Amino acid sequence: MEYHGILLGMGNPLLDISAVVDQAFLDKYGLKSNDAIMAEDKHLPMYDEMASNYKVDYIAGGATQNSIRVAQWMLQIPGATTFIGSIGKDKFGEEMKKKALQSGVNVCYYEDESPTGTCAVCVMGHGRSLVANLSAANCYKIDQLRKAENWALVERGKFYYIAGFFLTVSPESIMLVADHAASRKKVFMMNLSAPFICEFFKDVQAKVFPYIDYLFGNETEARTLSKVHRWETENVEEIALKIYDGKVKLFPVIRVPKEKLIDTNGAGDAFVGGFLSQLVLGRPIEDCVKAGCYAANVIIQRSGCTYPVKPDFK
């Protein structure tokens, strides 16, 4: 099989500003552990405060880009992955390009006049709270996607992955790719991504659901989806069956001793990336899940969504 550009991701590229913070910082900005929200005006000072008062790491992030980076790392096949999104013409944008290219992903960024999007990753204990300021990432339009050089990347792909966060930016672009995948019998995948997506973008989310071949999400997101659609169950297995008719199969995760757990930021993205890496190789679902668990296991033992030079996955 030709693997060049086989996996394409589209989403919100954000430069992660990651730091270990304290409870007082979370309380000051009204943040909950293990939550993901969009920045409001009251959150805007926190980015400078983190940079001034805490030890900060910068990582080329955003949910979809994280997953595509991890998939590329797992595959170790040059040029196998592509990522589409919007950044600014600034130093954060240059940093993003540099980090993404170092990871081996073929990035196709639209460069907007707005500042590059950022995401505050507030780590406390073993949890994390994410606050995304989309800025330039919010400026991607379907017209960009329709440009010949960009659409050629879509046509080259055979597997597509888009996090639910992109529903807030360009649902038209999502539907264009979803329709292309369906008409060409290609594989289209999405992620529930966050409870607020299920709550406040339920109509556009419901519109794209029939096109989804693989849907990812955690327990909290699944239960929020159930509540929004009035399915009257909090049982995750029952919710899975409401989304897809069929049967439920459970897989064990790799246990990690508490002392080895650094932070959970990017764990879900890493699971998706590991899963995708084996899916594009034509491996069975069991192998895809094992790869997802392996990738997530590696990421939670490191700071941020980072990984060693090469994977050790068998």
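Computed from a predicted structure; not experimentally measured.
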Report yes if some heavy atom in the side chain of [X] is under 4.5 Å from a heavy atom in the side chain of [Y]; otherwise report no.
X: V187; Y: Y160; value: no
X: V107; Y: Q65; value: yes
X: E237; Y: L250; value: yes
X: L134; Y: T168; value: yes
X: R146; Y: L176; value: yes
X: K207; Y: P171; value: no
X: L192; Y: Q205; value: yes
X: M124; Y: V20; value: no

Heavy-atom count check: over 12 atoms from other residues, nucleotides or ligands less than 6.0 Å from [X] [atom1]?
X: E149; atom1: CD; value: yes
X: E234; atom1: CD; value: no
X: K99; atom1: NZ; value: yes

Where the side chain of [X] meets the backbone of [Y], is there a donor-acceptor pair that is under 3.5 Å apart?
X: W73; Y: G104; value: no
X: Q144; Y: Y109; value: no
X: Y294; Y: D312; value: yes
X: T118; Y: L15; value: no
X: S170; Y: L167; value: no
X: R69; Y: C305; value: yes
X: Q278; Y: R283; value: no
X: D90; Y: T116; value: yes

Is [Y] paired with [X] through a side-chain N to carboxylate O contact shorter than 4.0 Å?
X: E49; Y: K28; answer: yes
X: E94; Y: K97; answer: yes
X: E286; Y: K249; answer: yes

Worksheet item: Does the side chain of Y161 pick up a donor-acceptor pair with the side chain of N191 at under 3.5 Å?
Response: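 A pair is found: one side chain offers a donor N or O, the other an acceptor, under 3.5 Å apart.
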Discussion item. With no hydrogens and no angle check, just 3.5 Å: does a side-chain donor-acceptor pair link S18 and D16?
Written reply: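 D16 and S18 do not have a side-chain donor-acceptor pair below 3.5 Å.
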What's the separation between atom [atom1] in [X] and atom [atom2] in [Y], rounded to the nearest 0.5 Å?
X: L31; Y: S129; atom1: CG; atom2: OG; answer: 4.5 Å
X: S103; Y: Y307; atom1: OG; atom2: OH; answer: 4.5 Å
X: E113; Y: S135; atom1: CD; atom2: OG; answer: 11.5 Å
X: L281; Y: F159; atom1: CG; atom2: CZ; answer: 8.5 Å
X: S277; Y: I68; atom1: OG; atom2: CD1; answer: 11.0 Å
X: M10; Y: N150; atom1: CE; atom2: CG; answer: 10.5 Å

Taking every non-hydrogen atom, the tightest pair across [X] and [Y]:
X: A178; Y: V208; answer: CB-CG2, 4.3 Å
X: Y47; Y: A120; answer: CE2-N, 3.5 Å
X: C198; Y: T224; answer: CB-CG2, 4.0 Å
X: S86; Y: A136; answer: OG-O, 2.9 Å
X: C122; Y: F25; answer: SG-CE2, 3.8 Å
X: K186; Y: V154; answer: NZ-O, 3.9 Å

Practice prompt. Any chance you could lay out the side chain to side chain contact (heavy atoms under 4.5 Å, CB included) test for V56 and Y58, step after step, and finish with the verdict?
Written response: CA-CA 7 Å; V56 167; Y58 295 99; 3.8 Å; yes
Worksheet item: Can the ring centroids of Y214 and F188 be said to lie less than 6.0 angstrom from one another?
Response: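 Ring centroids of Y214 and F188 are no less than 6.0 Å from each other.
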Worksheet item: Between Y140 and F166, how do the two ring planes meet: parallel, tilted or perpendicular, split at 30° and 60°?
Response: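 Plane angle between 30° and 60°, so tilted.
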Hydrophobic clusters here meaning ILVMFWY residues chained together by side-chain heavy-atom distances under 4.5 Å, can you tell me if [X] and [Y] are in one?
X: I197; Y: F209; value: yes
X: I84; Y: M96; value: no
X: L279; Y: I162; value: no
X: V123; Y: I262; value: no
X: I6; Y: L75; value: yes

Discussion item. Assess the residue pair F251 and I285 against the criterion (side chain to side chain contact (heavy atoms under 4.5 Å, CB included)); give the C-alpha distance rounded to whole Å, side-chain angles, the decisive distance to 0.1 Å, and a yes or no.
Written reply: CA-CA 10 Å; F251 299 88; I285 290 295; 4.3 Å; yes
Item to complete: Report the C-alpha distance between E238 and T233 in whole Å, list the side-chain angles of each, state the deciding distance to 0.1 Å, and finish with yes or no for side chain to side chain donor-acceptor pair (under 3.5 Å).
Response: CA-CA 7 Å; E238 290 179 12; T233 178; 2.7 Å; yes
Discussion item. Going by side-chain contact (heavy atoms from CB on, under 4.5 Å), V131 matches just one of M50, M46, M38, E40. Which one?
Written reply: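 Result for side-chain contact (heavy atoms from CB on, under 4.5 Å) with V131: M46.
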Discussion item. As a quick check of understanding, evaluate side chain to side chain contact (heavy atoms under 4.5 Å, CB included) for L7 and T81, giving each step before the final call.
Written reply: CA-CA 5 Å; L7 173 61; T81 63; 4.0 Å; yes
Fill in: CA sep, side-chain torsions, deciding dist, call: I212, Y244, side chain to side chain contact (heavy atoms under 4.5 Å, CB included)
CA-CA 10 Å; I212 298 174; Y244 289 104; 3.3 Å; yes
